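Here the structure comes first, spelled out in structure tokens, and everything after it is commentary.
Starting from 1, each residue takes its place in the sequence as its number. Since the model is a prediction, treat every value here as computed from it, not as a measurement.
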Amino acid sequence: TSRFKSGYDEFEALGTGPQVSVGPRLAAWQTSLELWIEEPLLGHGAGSYSPLVSERQPARLGGCINNPVCEQPHNQYVYLMVEVGLAGLLIFGWILMSVTRSGRGTEGMAYVLAPSFGAIFAIHACFDSGLRMGTQIFVFLVMTALLAAEQLQRHAASSERG
């Protein structure tokens, strides 16, 4: 234990102690709420989050240089509220709900994947701004396309029968 304690003491002495992101995220969310109140219906526009937060609250966020919450609030809903307002948030919710419900009344892949995918994505969106990141938006689009393709195939098959 003495080696561990001396190692930890050395770590702290260098000023590189662990940084928690909860405080900056909460500050970013508060700043985001203030920004949303200014433009509640349509938001400030795509790509506006980072410059607005960096400009308005850099001290509260502990400085915006190399601070990830200044680029995104790590919450998809908060991010959408600032950039595209209530209108964009409702459209996003409608898309997510449509994807989630797309498996109802089927026995195929959509029956299993759609509710799970929708729920996981909705929960994940509370803790990250996934649609800002190429990989996550790619997965979202692929899953949405697969589920939509199955819906179209089912609709075409029912149209041929009836």
Side-chain angles (χ1 to χ4, degrees), residues 4-104 110 112-148 151:
F4 175 76
K5 180 159 177 21
S6 65
Y8 186 78
D9 290 343
E10 184 180 338
F11 180 71
E12 276 193 327
L14 294 173
T16 57
Q19 296 180 353
V20 291
S21 64
V22 174
R25 285 184 193 197
L26 291 175
W29 294 352
Q30 183 177 354
T31 301
S32 299
L33 181 61
E34 294 165 4
L35 289 167
W36 177 68
I37 288 170
E38 292 175 12
E39 296 289 337
L41 189 58
L42 298 176
H44 291 273
S48 64
Y49 178 86
S50 181
L52 286 172
V53 170
S54 294
E55 170 189 312
R56 302 247 180 140
Q57 296 299 332
R60 187 194 300 173
L61 296 174
C64 281
I65 297 172
N66 296 324
N67 189 334
V69 297
C70 297
E71 296 298 317
Q72 58 151 324
H74 292 83
N75 183 306
Q76 188 67 50
Y77 308 111
V78 170
Y79 189 74
L80 287 170
M81 285 172 39
V82 171
E83 291 203 348
V84 293
L86 183 61
L89 187 62
L90 290 174
I91 291 169
F92 174 74
W94 177 78
I95 291 169
L96 193 55
M97 190 59 88
S98 296
V99 169
T100 303
R101 296 176 53 124
S102 68
R104 290 178 48 187
V112 176
L113 289 180
S116 303
F117 173 68
I120 289 167
F121 195 88
I123 292 167
H124 176 264
C126 294
F127 304 103
D128 210 346
S129 308
L131 294 181
R132 265 191 94 253
M133 299 167 210
T135 304
Q136 292 182 26
I137 196 167
F138 177 74
V139 170
F140 182 79
L141 292 174
V142 167
M143 288 298 296
T144 304
L146 287 171
L147 296 169
Q151 290 294 324

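Checked by atom type and distance alone, the side chain of Trp36 never pairs as donor or acceptor with a backbone atom of Val78 at under 3.5 Å. When atom types are taken as modelled, the side chain of Asn75 and the backbone of Phe127 share no donor-acceptor pair closer than 3.5 angstrom.
The side-chain heavy atoms of Tyr79 and Ser32, taken from C-beta on, include no pair separated by under 4.5 Å.
Note that the CD atom of Glu83 and the CG atom of Leu35 stand 10.5 Å from one another [nearest 0.5 Å]. Remark: Glu38 CD to Glu34 CD distance equals 8.0 Å, nearest 0.5 Å. Here CG of Leu86 is found 11.0 Å from CG of Leu80. Values are rounded to the nearest 0.5 Å. Between atom CD of residue Gln76 and atom CG of residue Leu89 there is a gap of 9.5 Å, rounded to the nearest 0.5 Å.
Closest non-hydrogen pair, Ala122 versus Tyr77, comes out as O-OH, 2.8 Å. Considering every non-hydrogen atom in both Pro51 and Gly47, the closest pair reads CD-O, 3.4 Å. Of all heavy-atom pairs spanning Leu33 and Met81, the tightest one is CD1-CE, 4.5 Å.
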